[in-house]
Amino acid sequence: MLTSWYDKSHKYVVMVVSYDQDVQNIVYQEQTLQQTVFNGYHIFYGYDIGKYQEYKLYDSAGNELEHIKP
């Protein structure tokens with residue numbers, strides 16, 4: 001996940017590239033990120049105002065998916 005803030009304020013842009021086809025929605029800062037597909041990869045993006053939070057992943061049935069970190 002790539003998150004960037006403008007001018008050290010609370011404004012941010014967020015971009016997530018999902019390699020897992022089970023991920024159908026990502027919620028960050030209580031907003032569902034927009035989605036596009038590019039070369040078979042799901043790219044999620046959004047922007048708003050707020051401090052960093054953990055994002056949530058959901059499958060097509062609305063079930064929350066577990067974060068797996070290497």
Side-chain angles (χ1 to χ4, degrees):
M1 177 174 148
L2 171 66
T3 308
S4 179
W5 275 262
Y6 296 116
D7 300 324
K8 298 181 183 176
S9 69
H10 295 304
K11 298 176 185 176
Y12 68 85
V13 293
V14 59
M15 185 178 83
V16 179
V17 178
S18 174
Y19 302 100
D20 187 341
Q21 298 300 317
D22 290 338
V23 176
Q24 294 297 310
N25 289 308
I26 298 179
V27 175
Y28 184 71
Q29 299 281 25
E30 300 179 17
Q31 74 168 302
T32 300
L33 300 182
Q34 299 295 314
Q35 180 181 174
T36 189
V37 178
F38 181 76
N39 285 342
Y41 296 106
H42 291 267
I43 300 171
F44 298 85
Y45 59 93
Y47 60 92
D48 208 342
I49 297 173
K51 294 183 179 181
Y52 178 81
Q53 293 179 0
E54 189 74 26
Y55 56 94
K56 296 181 181 182
L57 310 172
Y58 295 93
D59 66 13
S60 60
N63 299 311
E64 186 172 350
L65 301 171
E66 180 181 352
H67 289 258
I68 299 174
K69 297 180 182 178

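Side-chain atoms are counted along with the backbone in the values below, which use heavy atoms only and exclude waters and symmetry mates. Count residues from 1 along the sequence.
Judged purely by distance below 3.5 Å, without hydrogens or angles, the side chains of Q24 and H42 never pair a donor atom with an acceptor atom.
Y45 is linked by a side chain to side chain contact (heavy atoms under 4.5 Å, CB included) to Q34, T36, counting only residues two or more places apart in sequence or in another chain. With sequence neighbours excluded, no residue satisfies ring-ring contact (aromatic ring centres under 6.0 Å, His included) with F38.
Q31 contributes atom CD, which lies 8.5 Å from atom OH of Y47 (distance to the nearest 0.5 angstrom). We find the CG-CZ distance between N25 and F44 to be 6.5 Å, quoted to the nearest 0.5 Å.
In the hydrophobic clustering, where aliphatic and aromatic side chains (Ile, Leu, Val, Met, Phe, Trp, Tyr) are joined below 4.5 Å either directly or transitively, V27 groups with Y58.
Evaluated for a side chain to side chain contact (heavy atoms under 4.5 Å, CB included) with S18, the options V23, L57, V37 yield exactly one hit, V23.
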